[in-house]
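Encoded as structure tokens, the structure appears first; notes follow it.
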Amino acid sequence: MDIKATERKWQLRWEKAKLHQFDEKSDKPKYYVLEMFSYPSGAKLHIGHWYNYGPADSYARYKRMKGYNVFQPMGFDAFGLPAENYAIKTGVHPKDSTEKNIETMEKQLRAMGAMFDWSAEVKTCEEDYYKWTQWMFLQLYKKGLAYRKEAPVNWCPSCQTVLANEQVVNGACERCSSPVVRKDLTQWFFKITEYAEELLSGLDGLDWPEKTKNMQRNWIGKSTGCEIDFTAESGDNIRVYTTRCDTVYGVTYVVLAPEHPLARKLTTPEHLAEVEAYIDSAAHANEIDRLSATREKTGVFTGSYAVNPVNGRRIPVYLADYVLASYGTGAVMAVPAHDERDFAFATKYGLPIEKVIECPSGETVLPYCEDGIMVGSVQFDGLIGQEARDSVSAYIYKLGKGGKKVNYRLRDWLVSRQRYWGAPIPVVHCPKCGVVPVPEKDLPVKLPYDVEFRPDGKSPLAKHEKFMNTTCPNCGGAAMRDPDTLDTFVCSSWYYLRYADPDNDRAPFSREAADKLLPVDTYVGGAEHACMHLLYARFFTKALRDMGYLDFDEPFKRLVHQGVILGPDGNRMSKSHGNIVSPDDYVEQYGADAFRLYLMFGFSYTEGGPWNDDGIKAIAKFMERVEKLVLKIDGYKKPKEQERYGAEEKALDYARNFAIGRVSRDMEAFSFNTAIARLMELTGALAKYEALPEKNIALMKETAKDLVLLIAPCAPHFAEELWEEIGDGDFVVEHDYPVEDPAKLVLDEKEYAVQVNSKIVTRTMIANGLSNEEIEAFARELPEVKARMEGKTVKKCVVVPGRLVNLIVG
RNA sequence: GCCGCUGUGGCGGAAUCGGCAGACGCCUCAGACUUAAAAUCUGAUACCCGAAAGGGUGUACCGGUUCAAAUCCGGUCAGCGGCACCA
């Protein structure tokens, strides 16, 4: 088979027949298969793209042959830093490089033979897309889910931009690894925390990898505790949050975050200088230092005292940067006896340590941080754990000093970027009216082409006067645009919705189109998005639902992560490791089908692993073998009227139906390597049968057809080419997938493992349909069994039908 | 430190519910075809002892439950991923 000619031929024919477009009129059930769209980078498709899109496309094809009306779109996540960085380096405009890259990638994706519905293609950098991204922003703003606030943000001095929490890795920029510093800026946020509880509880019903769900649970970080008011002597109220209110009688001081609003107010004049110095150094400490858990605790006494509401005890108020301003109330009660951090701090600063929890078993070694028996706590003495906490929090509530409280670690999503290559934020800053959203009719706020993107700490757009100077939609006076653009994760939070209605120019999508095609039935993509894209997209879906634009709660019903293909040396493929393997040479030599088959066969799909190409020749050989065999069988004369159907035929029929059942099951489960293995077995069985002197030609032809149909999703061009020879004239991908015939899987006899005292002594064929007693009797008569039974009796017999018989003798 | 995952031949990896460990493939070896090689085909291929028949040991390690454990339970070790002062 001329591989290249075959691939071209079928790609053209598929395109001409518009075979991969979603069929609006079909009455088959819809099935939405989605792969995470890709960033249009300059390089060609790498192995990761092939590994994600190839097998996932085979899954889509499988679903189609199983009778679904499959929708599988593709597009480009086209805004983002790399294009801008490339522009800074080379002077090529991000728009130009991005468009060129998209063109190349589209071509390559078509060459893969994937059945993407290109009529629904989405490119996030195009006006008719980002117009609606801006629209999304406005809806969230209207709903009170987008707000602006001055906040300490993660600032990358090298990229000259603010980073989301998720883009900071170990205190360094995810992209360039420069240390991240803190800086105060007025920024836009999305109130994702408003949905924290639903984002958490919604995970339970999703068919997602447990690992990913767990990561999101962790990220959301729900904690149930208690808020307690400590009254300062100044009269100010210091509210703290704790998960261990059962230790409240052991509080020996209170700690505020340096950024706490009361920090300065509570400081007495003689401590002011020291406190100011501490607050200042905390503000300038970079994130690496501050986030390091092993770092020695630092803090400073404010000079004031507060009162513990449960026992009236007077305790000092400290500032320390081990308390985070952004979590809970920004203040904690310190119980050094039962918290490691408080213990370390109290030890360093000579503060009292008082035990109020007793270890239920053995000696109590401080700090003791587990649940235990309350002591020294008046009426609560003797209570343990959750019961203790419930009682104490109820008491605090009764005192009017706080009560039960749920907190989440999840922070609001910072979406402002001081960058050029993104969707402009559609608001105007008016000296009279303040922040004014751009009216929807004026969207899109167009991203100008002629900008200076060299970074100098200002947003590139801020330097573009024509863009910046505008009039206030409210009062008509002179006003300025917002110079920032939106995080690209905003663009990718709703693209799966736009696919459903890509040409709509009156709305991002119609509700009918979205409700018809969504949610996505199976979503395939990398695990690295667990706490970013996948969380943001869920948030968008829920927010849009609450605004009445959608009628479902979750965007992605089933999620599958492909593994990562590493370099041959076991490291991540990267230029710096010099271990990048290009798919091109393989595709050139063996063809797209063989390469796709090998990716499916050589790895466990969700695991991935180091690249090695040892098996790719074997795959090419396998395809050749199938081709020769199928064509040879096709060449046999039409069958005679009555053909033999004996033991060999039964065996072939068994192999055929076994393969059908197992391949179907494996495809459904993304267990592609075993699916291909079963196809190899069937090929072997068919070849063995074909070599017999006498054979049932009709059965052989049917089996060959099934073989081609079973392979079709995995090697699409190859299968079309064979199907053209042996099939019924239609496209193979439009044909129904074979269905197993259970009757053909019932054999007259099965091989049993025969065990004596759980050790295998022999294997034997035993006829189907015998009772357990009959099987036992049969087994007892076997010579291998008899030899081991002399002078002994059978005490017990375990029969696993069709598998084994175990005689316990003694 | 916390949460999660993984550990199976020389290699990639299989093994619904606990039921014949090592499917399928690579590598290697032997044989057939060939003057020869390549290609192709056939067979062998977990490890140890043994010429063989056969016997023994094996799913990171230690222990437990069970007629039966790669699979379940407890502990240990190693690797990977995530979170990381969240009170």
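Since the structure is predicted, the reported quantities are computational estimates derived from the model, not experimental observations. To find a chain, count down the sequence lines: A is the first, B the second, and so on, and within it residues start at 1.
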Over 60° means perpendicular and under 30° means parallel, so classify the ring planes of Y586(A) and Y590(A), tilted if in between.
parallel

Take atom P in U71(B) and the same atom in U16(B), then report the distance between them in whole Å.
13 Å

Listed nucleotide nearest any side-chain atom of R665(A), set U16(B), A87(B), C67(B)
U16(B)

Indicate yes or no: does R217(A) engage D204(A) in a salt bridge with an N to O separation below 4.0 Å.
yes

Any idea how W50(A) and F595(A) line up, ring-wise: parallel (<30°), tilted (30 to 60°), or perpendicular (>60°)?
perpendicular

Between C17(B) and C26(B), how many Å separate the two C1' atoms, rounded to a whole number?
32 Å

So which nucleotide from G4(B), G19(B), C67(B) ends up closest to the side chain of V800(A)?
G19(B)

Heavy atoms under 4.0 Å, any strand shown: does K795(A) hit a base, just sugar-phosphate, or nothing?
nothing

Flag the pair K191(A) and D412(A) as a salt bridge only when some basic side-chain nitrogen lies within less than 4.0 angstrom of an acidic carboxylate oxygen.
no

With respect to the side chain of T674(A), which nucleotide from A23(B), G12(B), U57(B) is positioned closest?
A23(B)

Side chain to side chain contact (heavy atoms under 4.5 Å, CB included) test vs P583(A) passes for just one of I47(A), I565(A), L599(A), namely I47(A)

Does a side-chain N-to-carboxylate-O contact under 4.0 Å join E624(A) and K617(A)?
no

Which stems, defined as runs of 3 or more consecutive Watson-Crick or G-U wobble pairs with both pairing distances under 3.5 Å, involve RNA chain B?
B:1-7 with B:77-83, B:10-12 with B:24-26, B:28-32 with B:40-44, B:46-49 with B:54-57, B:60-64 with B:72-76

Out of C85(B), G12(B), C3(B), minimum distance to the side chain of F601(A) belongs to G12(B)

Base of C67(B) paired with side chain of N806(A) (donor-acceptor, under 3.5 Å):
yes

What distance, rounded to whole Å, do you find between the two C1' atoms, one in U65(B) and one in G10(B)?
35 Å

